[in-house]
**Q** 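Questions regarding the structure given below will be posed in turn.
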Amino acid sequence: MKLKKTIAFRNLAGKPVRTMALILLTALLSLILLGGTLMVSSLRKGLHSLEDRLGADIMVVPYEATTKSELKNIVLQGNTGYFYMDKSRAEKVLSRDGIGQASEQFFLASTSSGCCSIPVQIIGFEPETDFTISPWIRKSYSKDLQDLDIVVGNDLNAFVGDTLTFYGLDCHVASKLDKTGTSFDTAVFTNENTIKMLIQSSLDKNMNDFANISPDGVVSCILINTAEGFTTEEVVNDINIHVKKVKAIQTKEMISGISDSLSGVSDIITILMVAVWVLGLIILLLAFTMSVNERKKEFAVLRVIGASRQKLAGIVMQEALLTGFVGSLVGVVVSLLVIVPFNTLIEEQMNLPFLLPEVGNIAGYAVITVLVSVVSCAVAVTFSAFRISRIDTSLILRGE
Amino acid sequence: MKIKKMDIVLLILSIVLCAGIKLIFHACAPKEDGGWMACHWAEQAIFANGIILVLSAILRLFVKSSYKTGIAMAMTATAGITLLIPNVMIKLCMMKEMRCHSVMHPAVMVICILLVIACVADIWVHFTKEVNPSGGGKTA
């Protein structure tokens, strides 16, 4: 209530249009600052998350998968699909030198299920050898996956205890994974036995293009970590030269395209943020200067009735701080209401890994945004406050 | 029976919810076989609540201040329930990439939260003025 009695507050309330314009300008600045920061940090977090999830140095896939660009679509873009190679080829790969850890994976795409029209990617892994998916699953589920148990990505609307039916087989949801901001959020993970049962069931129902395969005789890809004493390049070249009809790919190369796009988007956002802030600060400076200039007589009268020079400067500063605080709060709220609830839509539109920071970090960014905006307003008004504290009352009141 | 700024705000938000759920942030399209997915029924329920909110907001334009507060209370409850329809009362589609999750749910959430905040603010202002009728006077 004390605030309402201050001269600064009454000045602001007395000129609602001017006050609203200043509030909107600071709101726009803080909206852009928080929005841009959240976008850039979410994109960076998404990329780190993708690197963690790939988790292997090398990925070996059937050669056909790379020529049809299916691989990147499945692994990076979240498209559904599957490809298989004979187990004999996988054994040849595993017999090469320089293989440290290795684990086979199996891909299968579900058909549309009753509740939704989009198929999901099913990824099977060998629990005994796996070193990429298991550590991630263990964060939310400590037991071993039993046959027909599945673990669902965070973006699937299924929960622990639910039953999902794939190719006529009822699968039990054992756990739901943490969000990664990558295509893995829409995938379903299961053990080797279950995926083989599902592949067989898809073959029995004629829903799989690979009509002549045996689930026990194929794998989709092999993930490899190189042994000590070997470089990734050496192992990749060795496999590509000596094992036919397969392609070994460095996972770093796979995500280099995404990394480049992300860096481009981050740069554009940063440049836009800086440009809008510079422009905004200039406008704020002009707005505060004009606002003080047009009220010179008011300040002169205040000076005549006994207000000190510091008091006048304080009034101008208080006005700026009040508008800056309210405006930045509005900007922060709008920014959070747009980016947090609509993060899935943003991720979809950008087609890049996108993982929002933790709640604590978001709150921290919001507080910093408010502080930066308020301080910017204070800086923008400093010159005007200094000038108004130095006015020559007699000249102003005489109209000179 | 004076029309207040808050009456207009509540009417606009209610119209945005009611019209938007059918025209802008609607649920997923029908399946290839023409059947509807679960999210369609969430959309219908939200639309029905949207109509109630619009009618309540219109009613607020023509009644005395104390009645306006009662209507704001009812609107708070309706908006709160509408907020719970997608994915809590009626489960949405399987993948969060789908339109019902990525567009409809957040849009309904944001509008309903704004409606609840606006209604609570209106109720708070009413009771504050009742306690201190002279308070909050505008100064030029």
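Just so it is clear: chains get the letters A, B, ... in the order the sequence lines come, proteins before strands, and each one is counted from 1.
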**Q** Indicate yes or no: at least one non-hydrogen side-chain atom of His101(B) is less than 4.5 angstrom from one of Asn157(A).
**A** yes
**Q** Is it the backbone or the side chain of Asn154(A) that comes under 4.5 Å from a heavy atom of chain B, or both, or neither?
**A** both
**Q** Identify which one of Lys96(B), Met95(B), Met98(B) satisfies the side chain to side chain contact (heavy atoms under 4.5 Å, CB included) criterion when paired with Thr186(A).
**A** Met95(B)
**Q** As an exercise, state the distance from CE of Met94(B) to CG of Asp155(A), rounded to the nearest 0.5 Å.
**A** 12.5 Å
**Q** Which bit of His105(B) is near chain A, if near means a heavy-atom gap under 4.5 Å: side chain, backbone, both or neither?
**A** neither
**Q** Around atom NZ of Lys4(B), are there more than 12 heavy atoms of other residues, nucleotides or ligands at under 6.0 Å?
**A** yes
**Q** Only pairs of heavy atoms separated by less than 4.5 Å count here; which of Val152(A), Val338(A), Leu345(A) has the most with chain B?
**A** Leu345(A)
**Q** Which heavy atom in Pro341(A) sits nearest to a heavy atom in Val110(B), and how many Å separate them?
**A** CG-CG2, 3.9 Å
**Q** Does atom OH (Tyr67(B)) have a neighbourhood of more than 12 heavy atoms from anything else shown, all under 6.0 Å?
**A** no
**Q** Just checking Phe325(A): does its CZ atom have more than 12 heavy atoms from other residues, nucleotides or ligands closer to it than 6.0 angstrom?
**A** no
**Q** May I ask you to check whether over 12 heavy atoms, not counting those of Lys15(A), lie within 6.0 Å of atom NZ?
**A** no
**Q** Considering only heavy atoms, which portion of Ile113(B) lies under 4.5 Å from any heavy atom of chain A: side chain, backbone, both, or neither?
**A** neither
**Q** For Leu164(A), is it the side chain, the backbone, both or neither that has a heavy atom under 4.5 Å from a heavy atom of chain B?
**A** side chain
